[in-house]
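Quick notes on the structure that follows.
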There are 2 protein chains.
Amino acid sequence: MFIQIEPTSEIPIYTQLANQLIELIATGTLKASDALPSVRSLAADLGVNMHTVNKAYHELEKKKIIEIIPKSGAIINPISSNGPSDMQMDLIKLHLKPLIAESIVYGLDKEQILSITSSIISEITEG
Amino acid sequence: MFIQIEPTSEIPIYTQLANQLIELIATGTLKASDALPSVRSLAADLGVNMHTVNKAYHELEKKKIIEIIPKSGAIINPISSNGPSDMQMDLIKLHLKPLIAESIVYGLDKEQILSITSSIISEITEG
DNA sequence: ATTCTGTTCTAATACTATTATAACAGTGAT
DNA sequence: ATCACTGTTATAATAGTATTAGAACAGAAT
């Protein structure tokens, strides 16, 4: 599991972990119906507490990215072919808007923002 | 000052405030060299504490979006014609990447992500 | 001068993040 | 059936963040 936690980051550990798991799913390194490591083993791997990993998993479950099967484990949900749910779409837009506004304030124009976005997408999908 | 704070949001008040100020700058409602309201008056307007507004202003100063002149006030910096600094660009990419990865996991493809991005940009720049 | 400004300090409260243990009950493999 | 493994739950402690409150200070603006 190629995950790197920065304990001193201002981003909470469970968020770092959830983000990196999402990235691994987006790149295809982790595929639908794959089992995630148990909270205990991943916690030991990363040198963090079991509850911290557990929290990350539940964040991913809230977002419908994984399914937690009680007393058994967590598996990755298939990428929806219908696209995101309303809830998922709202969340994306909610978080995307301030970032884009910030980019504009930094002097980026539409083309530049789209170009950066495009390159990040390529980085993930072709990385 | 058209700012709406949701006290029960999981997003901290000072972040909500900073984000909305950024949006007002991005839309052109607030322009370069405009003075921001004093921390005391804006705090009174919004019904929050002076220190909360002060923290939002300092967040914006860290991002070089405004300049705080000690014992005097805060003014909005001009939008850079050189585009973002390296620090600003790194911050944007750092926050953009997990969002894009999440979008991909939700089943959005490159075109759809660029389309959403484009529509948000238009929403901001064309009111 | 007087008011307004951001700054600084102390303080209190509530919440979040993280870790540490421990026990519990269902799962899965042997 | 045993036994290790699973997520769940509970308690607790620590540290840090977010928010509010009140006050005092010194420079700025008029």
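Small disclaimer: the values here were computed from a predicted structure and weren't measured. Each chain gets a letter, A, B and so on, in the order the sequences are listed, and its residues count up from 1.
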Pairwise 5' ranking along DNA chain C for Gly47(A) and Ser38(B), keeping only the more 5' one: Ser38(B)

Closest heavy-atom pair and its distance - Ile92(B), Tyr106(A): CD1-CD1, 3.3 Å

Nucleotide of dT18(C), dT7(C), dA18(D) approaching His58(B) most closely (side-chain heavy atoms): dT7(C)

Spacing between Glu59(A) atom CD and dA17(C) atom C1', to the nearest angstrom: 12 Å

dA17(C) OP1/OP2 closer than 4.0 Å to side-chain N/O of Lys55(A): yes

Any Thr52(A) side-chain N or O less than 4.0 Å from OP1/OP2 of dA17(C): no

Euclidean distance, Leu24(A) CG relative to Asn19(A) CG, rounded to 0.5 Å: 11.0 Å

Polar side-chain atom of Ser103(B) near backbone of Leu99(B) as donor-acceptor pair, under 3.5 Å: yes

Where protein sits on nucleotides 23-30 of chain C, one letter per nucleotide: B base, S sugar-phosphate only, - none, heavy atoms under 4.0 Å: B--BSS--

Exceeds 12 heavy-atom contacts within 6.0 angstrom, atom NZ of Lys64(B): no

Sugar-phosphate only, base, or nothing, as touched by Tyr14(A) at under 4.0 Å among non-hydrogen atoms: sugar-phosphate

Nearest listed nucleotide, side chain of His51(A), among dT20(D), dG7(D), dT19(C): dT19(C)

Distance-minimising heavy-atom pair for Leu91(A) and His95(A): O-ND1, 2.9 Å

Minimum-distance nucleotide to Val39(B) side chain [options: dG6(C), dT18(C), dA21(D)]: dG6(C)

